[in-house]
Amino acid sequence: MLNRQQAPDFKQVSTINFIHPTENKLDNDIPVYTVYSGEQDLVRIEFIFNNVNYDVEKPLQAIAVSTMLNNGTKKLSSKEIAEQIDFYGAFFQTEYVQDQSSVTLYTLNKHLASVLPIVKDVLSESQFPQKELDIYIQNQKQKLQVSLKKNDILSRKEFAKALFGNTAYGVDIKAEHYDAIKRDDLVDYFKAAYAPNNCTIMVSGKFDEESLSLLNNQFGKDWEKSNAVKNHFNFSATPQQFIYKEKPDALQSAIRLGKIAINRKHEDFAGLQILNCVLGGYFGSRLMTNIREEKGYTYGIGSGISALQDAGYFFIATEVGADVCTSALSEIYKEIELLKNELVSEEELGLVRNYMLGSMLGSLENVFSHADKFKNIHFSGLGYDYYEKYIHTVKTITSEEIKALANKYLSTDDFTEVVIGKK
């Protein structure tokens, strides 16, 4: 009989199996990567475009185009686009991130022939009506006003600007940037970026040869190419910086600190992720244990590593009571120094191993998440051996190697420290 008073034994994840995609090309050479699963009559199609032609004088071009993409074409108004997509029970969304913009369609397979022409119309004939643009500018300026009253958002903006300057990674968006948006600039960017030679299509779900033929009929022809230049930025380590913006009435202070680091192309990236997990990457991390559980300075604190195409960065972020801000900063730096000077115990390292392997396994819950894992490596120019090396590193890394990584990547001599509130 099962003894419910005794916890089951922990078993480390042994293998993780990934669904590898198949590759095809449309008639105009757009690559199509398909992660297939035939269990449900559902498909997700992502049209992914590199962000291009970055203009420091027009930093909102890519963002505004992505947001307004479905606000009207030559044939359809924004209302008609929404109604037709809804009629077929489909879902259509746009997204902008620093390196890429994407358009994603979720639909039942039986409606694929009906909804693909709508998406093609959006991707090739969007018009950005002036009336819609005026509404967009007004709404975004109002949102910006609200955001700039939040200390955590201000700290994130100041941190990015300090590390990456006036690039797509760090630009400090202001109200005047919205006022400067011109419809012609959006049309120009749309024609440059949303072109077949700048497009990668990722498909996940039930997608057969007939579906591929439908996709090719819509997107494999009659779509004008462009001569856009993919964004590329160069960064180097910044000197130590302390940025403090006082808010006399603040009850909480937002803290964000860190530095430019490596991205997933670097051989140390997996080890650095493990080091980050020990420090602040999960609920049982040292920062959470010290600053939340023991000191009670915050509801939550964490650290992370962001991997962009042209850079990576390490950060620690939290909001603490204004009266304990200085003490919280002292404890954060203390935890960093401990990792640089003392070995992580085997017990703690074992917990982190199990957590990271379990998280990896848990993140592969459906075919869409398998496609997301592929995107991570594909756009970094990596293969599935990246995950094999990652899993091997998690299983075998030693305390001595973690200490060495802490000394290599967590030197605070070039940290950027941002505090918004009171110290």
Check: How many angstroms lie between atom CD1 of Ile336 and atom CG of Leu410, to the nearest 0.5 angstrom?
Finding: 6.0 Å

Item checked: Thr298: partners by side chain to side chain donor-acceptor pair (under 3.5 Å), with sequence neighbours left out -> Thr318

Item checked: Mutual orientation of the aromatic rings belonging to Tyr194 and Phe49 [parallel < 30°, tilted 30-60°, perpendicular > 60°] -> tilted

Check: Within a radius of less than 6.0 Å around CG of Leu251, do more than 12 heavy atoms belonging to other residues, nucleotides or ligands occur?
Finding: no

Notebook entry, point to check: So Lys191 and Glu224, salt bridge (Lys or Arg N to Asp or Glu O under 4.0 Å) or not? Walk me through it.
Noted result: CA-CA 8 Å; Lys191 291 179 179 179; Glu224 188 176 348; over 6 Å; no

Next item on the list: May I ask you to test the Asp29-Pro196 pair for a side-chain heavy-atom distance under 4.5 Å?
Entry: no

Checklist line | Shortest non-hydrogen separation from Tyr384 to Ile377 and the atoms involved | finding: N-CD1, 3.8 Å

Margin query: Let's go through Lys403 and Glu400 carefully: what are the C-alpha distance in whole Å and the side-chain angles of both, what is the deciding distance for salt bridge (Lys or Arg N to Asp or Glu O under 4.0 Å) to 0.1 Å, and is it a yes or a no?
Written below: CA-CA 5 Å; Lys403 181 181 174 183; Glu400 288 79 9; over 6 Å; no

Notebook entry, point to check: Pairs in or reaching into residues 128-151: which pass salt bridge (Lys or Arg N to Asp or Glu O under 4.0 Å), with residues at least two apart or in two chains?
Noted result: Lys141-Asp179

Notebook entry, point to check: Aromatic rings Tyr54 and Phe233: how do their planes relate, parallel, tilted or perpendicular, breaks at 30° and 60°?
Noted result: perpendicular

Note to self: I'd like to check the side chain to side chain contact (heavy atoms under 4.5 Å, CB included) partners of Glu23; sequence neighbours left out, ordered by chain and number.
What the structure shows: Lys25, Pro31, Tyr33

Notebook entry, point to check: Say you draw a straight line from NZ of Lys265 to CG of Asp310; how long is it, rounded to the nearest 0.5 Å?
Noted result: 6.5 Å

Check: Can you say whether the rings of Phe269 and Tyr386 are parallel (under 30°), tilted (30 to 60°) or perpendicular (over 60°)?
Finding: tilted

Next item on the list: Please work out whether the ring planes of Phe18 and Tyr387 are parallel, tilted or perpendicular, with thresholds of 30° and 60°.
Entry: parallel

Margin query: For the backbone of Asn376 and the side chain of Ser380, can you confirm whether one donor and one acceptor N or O come within less than 3.5 Å of each other?
Written below: yes

Notebook entry, point to check: In terms of the angle between their ring planes, are Phe164 and Tyr169 parallel, tilted or perpendicular, with boundaries placed at 30° and 60°?
Noted result: perpendicular

Checklist line | Check against salt bridge (Lys or Arg N to Asp or Glu O under 4.0 Å), Lys245 and Glu158 | finding: CA-CA 10 Å; Lys245 294 202 169 181; Glu158 291 290 339; 2.7 Å; yes

